[in-house]
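Some notes on the structure that comes next.
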Amino acid sequence: MRKSEVLAAEAVSCLNKALCRLKDIWEEIGIPEDQRLQRTNVVKNHIKTLLDMMIKEEESLKSRLVGSIESCRAEMEKLYLELRLPGFEQEAGISMLQQEKNIRTQVEALLTERARRMRQLAALLERDHELSDVLCAAPYAIDAAAAPTPEQLESFGQHVANQDAEKARRYAEFTQLKRRIAALMAALEREPESSFEKDVACEDEDAFCLSTDNIGALQLLAAELEERRAEVEAACEERREQVRRLWDRLAVPQEEREALGEHMAASGRSNLEALRVEAERLEELKLLNIRSVTDAIRAELNAFWDKCFFSGEQRRAFAPYGSEDFTEELLSQHDAELQRLKQHHQEHRELFDGVHQWEDSWRLYLELEKKATDPSRFTNRGGNLLKEEKQRTELHKSLPKLEKKLKAQIDAWESEQGGEFLVGGEKFLQYVEEQWEQHRGEKEKEKQERHLKKSKQTEEDMQFGTAVRTPTKRRLLGATTPNKSRKFNATSSSTSATSNSSSRSVYGATVCRSPLPRPPLSANKVGSAEPLPPPPPPPPRCLLGIISAEGCDWLFLVT
């Protein structure tokens, strides 16, 4: 039996005992039967009323529990739907009280989760609002009244992080552009003009709207200022070049030039204005000294004609050069011709420099070739002989390569200009070939002159018995051992005994022999009183020869 049933049985027992006690009391008092019935009825009604009241209260509690369960279940279902969570599974076989407690606990947990999400959403909304104001962008599209899902919060958070990064990037670009614009305005000596420029220059950086339109406007402003600065710098440089040219033509003293030194280095508006004033002053001074200025320009024209290899005919084509009527128009013609020549020289500078390089290399090559035939170079003690020979070899290799490169450039030049490239009125490649031919002819002529001179010397040596001894060969031949000399003399004697010729050729050289000495007459006398002294040794035979080697002819004499 359950405890509740035991307690109910005890209650019934207590009620029975109470009624029995009341009956005994009523009998002892002597209350009549009818009054006992009345009193018993009163007790019954009183107990019945009390029990009805208690039942009513418990039924009310049950109703409240049922209502709480229903309301909590409805709110729980709503929260589950709003938070997009899976539904709650109620346990089976539990009492109404436990069921109400479980549902109420679940509702409280759901409300806590919803509040947490709403707080996170509110923080993200506040930060997104700030970033939207700074970046002038539309706010993030999300319902601020509904609890967001974890996925929505994650996406919203990523969006805010991206906006933060975009703000940092735009802010860095803004500060960089602002400093750049300020520097350009300072260089141009310009104050902000429009309201936008004033906002950029004066407004607090944190208050500036970092919209894409504003950043684009900043970039456009910086580009315009850069272009303007480039124009001012170009104008200043043009003015500076004009002033320098006029200074040189008018021979302006250095002290006057230094007075304009600041404006010759900077490129602002004030500098441009100062240069303009100076140029106008010099132009007026130029008109007063027009003859000297024209002569200076003519000197420059001559220099550029030389640089561009103009022939006499090309130079004479500029008729104003010979005019003596010094007017402003004549000066303008000379100035225009000089500018045209400068432009022409600048456009084909590489070709002209290559021709000058060839001329310098050719001049050096000829000098080294001339030194190579100078006998005094063998007295060198400083290593210059080896350096000159190495340099001559390198030039001999590099000149044809340079000529090949110049030929390609000249072909391109002639194709572009539609005419022939002339150096001194002659085609350059033809001029180069003539220089080589002339060089080869001079070398051949020198060689023939040397051969003719040596042939004459050989004839004189053979006729008069003289020879030219070179110190080097004399020292070298003097080191011959006596045995070898005797062997050589013996061979010469045997040879001379079988041949009556007075000369022979050895290794392509002409050899001349001296006549054989005759023994003294005293050697044929017999029976002399005293022994005669030994006969003197026969005079040495002389060998005279010429050997050609390395482009040079060597004359030597062997005794």
Side-chain angles (χ1 to χ4, degrees), residues 1-126 142-154 156:
M1 185 179 291
R2 292 184 297 181
K3 290 183 179 182
S4 59
E5 294 177 354
V6 173
L7 290 175
E10 290 180 355
V12 172
S13 176
C14 289
L15 180 58
N16 290 330
K17 288 180 180 180
L19 290 173
C20 290
R21 179 62 181 160
L22 286 172
K23 181 181 177 181
D24 291 341
I25 293 173
W26 290 336
E27 287 179 356
E28 289 179 0
I29 295 173
I31 296 175
E33 180 67 21
D34 54 347
Q35 291 183 357
R36 285 186 215 172
L37 289 174
Q38 290 178 357
R39 289 178 180 274
T40 302
N41 190 36
V42 169
V43 171
K44 182 197 73 165
N45 291 333
H46 181 70
I47 292 173
K48 184 177 179 298
T49 302
L50 180 61
L51 290 176
D52 289 341
M53 184 181 64
M54 293 178 63
I55 290 171
K56 186 176 179 180
E57 289 179 356
E58 294 303 321
E59 286 180 350
S60 175
L61 175 61
K62 177 182 176 183
S63 298
R64 289 199 304 273
L65 286 174
V66 171
S68 176
I69 289 172
E70 290 177 355
S71 63
C72 289
R73 180 178 284 112
E75 186 174 4
M76 182 181 66
E77 291 176 354
K78 179 182 177 182
L79 289 173
Y80 271 119
L81 183 63
E82 184 179 0
L83 298 178
R84 309 219 182 141
L85 295 174
F88 177 72
E89 294 182 2
Q90 183 68 41
E91 296 181 12
I94 60 174
S95 65
M96 189 179 293
L97 283 172
Q98 187 64 38
Q99 184 179 4
E100 192 271 341
K101 180 181 178 181
N102 291 344
I103 294 175
R104 181 165 40 82
T105 303
Q106 189 65 23
V107 168
E108 291 175 356
L110 291 173
L111 289 174
T112 303
E113 174 65 16
R114 183 180 184 278
R116 183 188 69 80
R117 293 187 186 182
M118 293 302 291
R119 285 194 303 271
Q120 188 174 356
L121 176 62
L124 290 173
L125 285 171
E126 182 179 2
I142 191 171
D143 187 4
T149 64
E151 292 77 10
Q152 289 176 328
L153 288 175
E154 183 179 0
F156 196 8

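Just so it is clear, the values below take in all heavy atoms, side chains as well, and ignore hydrogens, waters and symmetry mates.
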When you look at Leu83 and Leu110, which way does the side-chain contact (heavy atoms from CB on, under 4.5 Å) test go after all the steps?
CA-CA 8 Å; Leu83 298 178; Leu110 291 173; 4.0 Å; yes
Only one of Ile69, Leu65, Val66 forms a side-chain contact (heavy atoms from CB on, under 4.5 Å) with Gln99, so which one is it?
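Result for side-chain contact (heavy atoms from CB on, under 4.5 Å) with Gln99: Ile69.
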So that I can tick it off, tell me whether Glu100 and Arg104 are bridged by a salt bridge, with the cut-off set at under 4.0 angstrom between side-chain N and carboxylate O.
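Counted as a salt bridge, because a side-chain N and a carboxylate O are separated by less than 4.0 Å.
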Salt bridge flag under 4.0 Å for residues Arg73 and Glu70
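Salt bridge: no.
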Exam field: side chain [X] to backbone [Y], donor-acceptor pair closer than 3.5 Å:
X: Ser68; Y: Arg64; answer: no
X: Asn41; Y: Leu37; answer: no
X: Glu27; Y: Asp24; answer: no
X: Arg117; Y: Pro148; answer: yes
X: Ser71; Y: Gly67; answer: yes
X: Ser63; Y: Glu59; answer: yes

Heavy atoms, side chains only, cut-off 4.5 Å: are Ile142 and Leu124 in contact?
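No, too far: nothing below the 4.5 Å cut-off.
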Can you tell me if Tyr80 and Gln106 form a side-chain donor-acceptor pair at under 3.5 Å?
yes
Verify the distance criterion only: is there a donor paired with an acceptor across the side chains of Gln98 and Asn102 at less than 3.5 Å?
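Looking only at side-chain atoms, Asn102 and Gln98 do form a donor-acceptor pair, the distance falling under 3.5 Å.
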Determine the minimum heavy-atom distance between Leu79 and Val107, stating which atoms define it.
CD1-O, 3.9 Å
Would you indicate whether Arg116, at its atom CZ, is surrounded by more than 12 heavy atoms from other residues, nucleotides or ligands within a distance under 6.0 Å?
yes
Go through Asp52 and Lys56 one step at a time and tell me if the salt bridge (Lys or Arg N to Asp or Glu O under 4.0 Å) criterion holds.
CA-CA 6 Å; Asp52 289 341; Lys56 186 176 179 180; over 6 Å; no
Please report the interatomic distance CD(Glu82) to OG1(Thr149), rounded to the nearest 0.5 Å.
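Here the rounded value is 11.5 Å.
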side-chain contact (heavy atoms from CB on, under 4.5 Å) for Leu22 and Arg39? Distances and angles first, verdict last.
CA-CA 9 Å; Leu22 286 172; Arg39 289 178 180 274; over 6 Å; no
